[in-house]
Amino acid sequence: MVLVVPVRWVPVKLATWNVNSLNVRLPQVLTWLEEQAPDVLALQETKLEDHRFPAADLAALGYHAAFSGQKAYNGVALLTRQPPGDVLVEVPGLADNQRRVLAATVGPVRVICLYVPNGQALDSPKYTYKLEWLAAVRDWLKTEVAAHDRVAVMGDFNVAPEDRDVHSPKRWAGQVLVSEPERAAFRALLDVGLQDAFRLHEQPERVFSWWNYGRLALARNWGLRIDHILVSAALAAECRSCAVDLGPRHHERPSDHAPVTATFDSLDR
DNA sequence: ATGGTGGCGGGGCCA
């Protein structure tokens with residue numbers, strides 16, 4: 001007689017949030033962690049040197065942390081319920097002083113946090129840096145996807161992939177964040193074997209993740225969807241939902257970005 | 001509506 005052992009499936013929640021200063025936003029992050037209880041939260045623009053990272057406050061909520069920060073600009077972190085393993089803070093072969101990349105293995109998932117350069121404007125050296133950075137990251141992600149079954153690449157990509165991710169495609173046509181070379185670079189990331197978790201599911205129209213500071217922008221939903229969760233095929237098959245959480249964007253003294261969350265059915269961690 | 005704001009740092013840069 002064959003005894004069939006039931007496999008226990010548990011939900012997994014992954015999230016990403018550009019907090020625009022973890023120092024300022026820490027109370028909001030702590031509240032959000034308690035409310036949403038993600039298994040992993042990827043943070044961008046922490047703007048904190050590592051010795052100032054609020055690891056104790058996060059540990060009090062049961063979160064481990066891996067982080068790669070710098071003063072005033074950039075900075076990424078991964079908050080995880082399970083200890084992060086195989087932490088990496090540099091893209092192999094890419095010389096970059098800016099702290100924009102963090103990878104860690106959490107349970108069965110290789111989690112990668114990205115803060116893609118903004119690019120400033122199409123005629124700026126920062127735009128060239130953005131495209132070169134994305135090309136180098138693409139090459140690296142190819143190796144990560146080859147090495148791991150479940151991969152989630154989360155962060156502020158500073159690219160609105162399609163016109164439906166832009167409140168006013170006409171107004172934004174050709175601008176940084178929506179230009180065709182940036183969109184091609186974004187599609188090249190998908191080409192290594194990743195899918196936009198948000199587009200795996202039916203979604204309302206005009207869902208965005210970033211709005212300019214200034215009250216009119218949010219009130220009129222003048223936003224862009226530039227924060228993304230990309231998943232490998234194995235995770236895509238397990239993805240249950242993906243959504244933007246507008247709650248924190250309406251808080252007092254908010255980040256200009258809202259968190260993006262994806263849930264999964266995954267084998268017991 | 002790419003700043004009419006915000007963060008950092010203490011002027012100017014970055015987003």
Side-chain angles (χ1 to χ4, degrees), chain A residues 16-30 32 42-54 57 67-77 96-102 113-134 137 154-161 163 165-183 185-186 206-228 244 246-260:
Chain A
T16 181
W17 191 5
N18 180 324
V19 290
N20 186 19
S21 169
L22 183 55
N23 184 47
V24 172
R25 236 62 69 189
L26 180 61
Q28 294 182 36
V29 170
L30 295 175
W32 195 80
L43 300 176
Q44 302 86 39
E45 286 205 89
T46 55
K47 299 185 176 179
L48 283 174
E49 291 180 292
D50 288 348
H51 72 271
R52 294 184 58 210
F53 194 87
D57 296 289
F67 41 86
S68 177
Q70 67 182 84
K71 186 189 290 188
Y73 304 113
N74 309 310
V76 285
D96 188 4
N97 291 328
Q98 303 185 28
R99 307 292 64 187
R100 296 181 175 278
V101 167
L102 184 58
C113 175
L114 299 183
Y115 175 46
V116 176
N118 174 282
Q120 189 175 50
L122 270 64
D123 59 357
S124 167
K126 295 194 184 77
Y127 185 79
T128 307
Y129 163 63
K130 178 179 192 174
L131 294 180
E132 291 175 350
W133 191 95
L134 281 165
V137 166
M154 311 192 278
D156 176 0
F157 287 72
N158 270 317
V159 179
D163 277 354
D165 302 310
V166 181
H167 72 92
S168 175
K170 279 186 180 175
R171 171 95 32 205
W172 278 85
Q175 301 286 314
V176 71
L177 308 186
V178 311
S179 74
E180 182 49 35
E182 292 166 87
R183 288 177 165 176
F186 181 83
R206 301 178 62 77
V207 174
F208 309 121
S209 66
W210 171 85
W211 303 258
N212 192 303
Y213 279 122
R215 274 302 159 192
L216 282 182
L218 182 63
R220 301 193 177 176
N221 199 21
W222 285 334
L224 304 179
R225 193 177 69 90
I226 57 176
D227 300 270
H228 308 298
V244 176
L246 290 175
R249 189 61 182 78
H250 289 286
H251 287 163
E252 291 288 330
R253 208 176 178 188
S255 168
D256 46 350
H257 295 252
V260 180

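Labels below follow one simple rule: chain letters A, B, ... track the order of the sequence lines, proteins then strands, and each chain is numbered from 1.
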Worksheet item: So what does A:Ala217 hit on the nucleic acid, given a heavy-atom distance under 4.0 Å: a base, only sugar-phosphate, or nothing?
Response: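 Nothing, no nucleic acid heavy atom in range.
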Item to complete: May I ask you to say what A:Arg171 touches in the nucleic acid, namely base, sugar-phosphate or nothing, with a heavy-atom cut-off under 4.0 Å?
Response: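 Sugar-phosphate, no base atom in range.
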Worksheet entry | Residue closer to the 5' end of DNA chain B, A:Trp222 versus A:Arg215 (nearest nucleotide) |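 Its nearest nucleotide lies further toward 5', so the answer is A:Trp222.
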Discussion item. Under the rule for salt bridge (charged side-chain N to carboxylate O under 4.0 Å, His left out), what residues qualify as partners of A:Asp227, not counting sequence neighbours?
Written reply: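 Applying salt bridge (charged side-chain N to carboxylate O under 4.0 Å, His left out) to A:Asp227 gives none.
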Worksheet entry | Those residues that, when tested against A:Arg183, pass salt bridge (charged side-chain N to carboxylate O under 4.0 Å, His left out) (two or more places apart) | A:Asp163
Worksheet item: Among all residues two or more places apart in sequence or in another chain, which pass the ring pair (Phe, Tyr, Trp, His ring centres under 6.0 Å) test with A:Phe186?
Response: A:Phe157, A:His228
Worksheet item: Quick one: ring pair (Phe, Tyr, Trp, His ring centres under 6.0 Å) partners of A:Tyr127, sequence neighbours excluded?
Response: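 Checked A:Tyr127 against ring pair (Phe, Tyr, Trp, His ring centres under 6.0 Å); zero matches.
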Take atom [atom1] of [X] and atom [atom2] of [N], then tell me their distance rounded to the nearest Å.
X: A:Leu26; N: B:dG7; atom1: CG; atom2: P; result: 14 Å
X: A:Leu22; N: B:dG7; atom1: CG; atom2: P; result: 13 Å
X: A:Arg220; N: B:dT5; atom1: CZ; atom2: P; result: 15 Å
X: A:Asn20; N: B:dT5; atom1: CG; atom2: C1'; result: 10 Å
X: A:Trp211; N: B:dG6; atom1: CH2; atom2: P; result: 16 Å

Worksheet item: If only side-chain N and O atoms of A:Arg253 are considered, is one of them under 4.0 Å from the OP1 or OP2 phosphate oxygen of B:dG7?
Response: yes
Discussion item. On the nucleotide B:dG6, are OP1 or OP2 found under 4.0 Å from the side-chain N or O atoms that A:Ser255 carries?
Written reply: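 Result: no.
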Fill in: Spacing of the C1' atoms in B:dG9 and B:dC14 (rounded, Å)
13 Å
Worksheet item: Between A:Gln44 (side chain) and A:Asn20 (backbone), is there a donor-acceptor pair under 3.5 Å?
Response: no
I'd like a table of atom pairs between the protein and nucleotides 11-15 of chain B - only N or O on both sides, under 3.5 Å - with the distance next to each one.
| residue | atom | partner | partner atom | Å |
| --- | --- | --- | --- | --- |
| B:dC13 | O2 | A:Tyr73 | OH | 3.4 |
| B:dC14 | OP2 | A:Lys126 | NZ | 3.2 |

Fill in: Plane angle bin for A:Phe53 and A:Phe67 - parallel if under 30°, tilted between 30 and 60°, otherwise perpendicular
parallel
Worksheet entry | Pair listing, salt bridge (Lys or Arg N to Asp or Glu O under 4.0 Å) test, anchored in residues 125-134 of chain A, at least two apart |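 Found A:Lys130-A:Glu182.
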